Number of protein chains: 2
Amino acid sequence: MDRRQKKTREAIFKAFSELLEHKRYEHITVQDIIDTADVGRSTFYSHFETKDMLLKSMCSDIFDHIFEGNICDYKTENKDLEAVLSHVLWHLREHKTDIAGMFLSESSDIFMRYLHEYLERLFRLHLDDFHFKAPSEFVLNHLSVSFIEAIKWWVKTDMQASPETVAKYFTEVTETH
Amino acid sequence: MDRRQKKTREAIFKAFSELLEHKRYEHITVQDIIDTADVGRSTFYSHFETKDMLLKSMCSDIFDHIFEGNICDYKTENKDLEAVLSHVLWHLREHKTDIAGMFLSESSDIFMRYLHEYLERLFRLHLDDFHFKAPSEFVLNHLSVSFIEAIKWWVKTDMQASPETVAKYFTEVTETH
DNA sequence: TATGATACTGAACATCTTGTTCGGTTATAT
DNA sequence: ATATAACCGAACAAGATGTTCAGTATCATA
């Protein structure tokens, strides 16, 4: 990829991340983004159709990297759920600066929906380990959302606790250990 | 209150509800609302400062009614958590037409934050009944969010299950029964 | 290092949304 | 019946959106 493209793309991502820390997603304008990233208006639109598309691209970039390979590998290696989750949390902390804004931002549903999808896929692999009477769709959603909330709590407390601790808190309140 | 005010207010609420069923909150414009409600632009702004304020007013109206008295009363009467939650769900179903849009809408954080607040207050009253090692703020958030997700699942399945069933699902996956 | 291709710039643009103002009209309470 | 208050609707400035285009800078590569 052309160096210029990469540079512009990263400048926009960075600007967007920064803005998300102080402003709700829906209140961030394209104008804000191009001002902060210091790129031309037409440049922005040549990269991303809309603000939503920008967010989607950003999610893909991050999550594809974090979840890459880990999910299926771990299951086949028979590691337990808590270990897998710890691993995911480790990766998330590496991306702290990229994602903190989105977790703290009041309204970034696209981001959350994305993460949710990945997590449901992860939990579905472990479905047999659970023994709930509630419908599996209910349970899978419950676990995914609960894990996202655990991450939110973690980010809010500046990711002080270890990934293992957070994973333990999670498996405790969901009775999945 | 002047009949006209009440009528206008209700027309706006109704229009907003309808719009939320088909459109995300952030993509609904004031223009949409006044077109649907068939009220003048200035009329809207004489009732609500912003779109956010409209949503807040709507939340207050609904939740104040639903939670009115119930929370504290039930605790003092020593009813168990599941019974209280069933009660809340009953009330919610009565408001089905008002709230379905907000639960199905992808992005109505103000609404959710509101509900979350009420729920945390409710769960906090029962905090002694739980025996989790995770920090209480973590646990309270976990329970509130999990309950909201249970409601979302319920609304998505058109509130077919009984409130008791949903409450049971919830207490099962959170191990709070 | 020369060159064609490609990405960026920045200004202009029509269009839409917002929130306010104000004179005129209609409904309400008593 | 009348004073009060709410509504209407048109107009407005300010700002955002998404597009276009001619000009400039940077890239890959030969």
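Throughout, protein chains are lettered first and strands after them, A, B, ... in sequence-line order, and every chain is numbered starting at 1. Fair warning: this is a prediction, and the values are worked out from it, not measured in the lab.
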How many Å lie between [atom1] on [X] and [atom2] on [N], as a whole number?
X: B:F48; N: C:dT20; atom1: CZ; atom2: P; value: 15 Å
X: A:D2; N: C:dA5; atom1: CG; atom2: C1'; value: 10 Å
X: A:L54; N: D:dG18; atom1: CG; atom2: P; value: 12 Å
X: B:I34; N: D:dC8; atom1: CD1; atom2: P; value: 10 Å
X: A:E49; N: D:dT19; atom1: CD; atom2: C1'; value: 13 Å
X: A:K6; N: D:dA28; atom1: NZ; atom2: C1'; value: 16 Å
X: A:F44; N: C:dG10; atom1: CZ; atom2: C1'; value: 17 Å
X: B:D52; N: C:dT18; atom1: CG; atom2: P; value: 12 Å

So that I can tick it off, tell me whether [Y] and [X] are bridged by a salt bridge, with the cut-off set at under 4.0 angstrom between side-chain N and carboxylate O.
X: A:R124; Y: A:E120; result: yes
X: A:E10; Y: A:K7; result: no
X: B:R113; Y: B:E117; result: no
X: B:D158; Y: B:K96; result: yes

request  = Give B:H27 one of three labels, base, sugar-phosphate or nothing, depending on what nucleic acid heavy atoms sit under 4.0 Å from its own.
outcome  =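 Answer is nothing: B:H27 stays at 4.0 Å or more from every strand.
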Between [options], which one does the side chain of [X] approach most closely?
X: A:T8; options: D:dC7, C:dC8, C:dA11; result: C:dC8
X: A:T43; options: D:dG18, C:dT9, C:dA7; result: C:dT9
X: A:Q5; options: C:dA7, D:dA6, D:dT17; result: C:dA7
X: A:S42; options: C:dC8, D:dC27, D:dT20; result: D:dT20
X: B:T29; options: D:dC7, D:dC8, C:dT18; result: C:dT18
X: A:Y45; options: D:dT19, D:dC27, D:dC7; result: D:dT19
X: A:R41; options: C:dA12, C:dA7, C:dT9; result: C:dA12

query = With a distance cut-off below 6.0 Å to the six-membered ring centre and an angular limit of 45° from the axis, does B:K133 pair with B:F138 as a cation-pi contact?
reply =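 No, B:K133 does not sit over the ring of B:F138.
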task = Could you check B:Q31 against B:R3 and say which one's nearest nucleotide on DNA chain C is further toward the 5' end?
result =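 Going by which nucleotide is closer to the 5' end, it is B:Q31.
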request  = Ignoring backbone atoms, test whether A:H47 places a side-chain nitrogen or oxygen under 4.0 Å from the OP1 or OP2 oxygen of C:dC8.
outcome  =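 So the side chain of A:H47 is within the cut-off, an N or O lying under 4.0 Å from OP1 or OP2 of C:dC8.
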query = Which residue, A:R4 or B:R9, contacts DNA chain D at a nucleotide closer to its 5' end, judged by nearest heavy atom?
reply =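 In this pair, the answer is B:R9.
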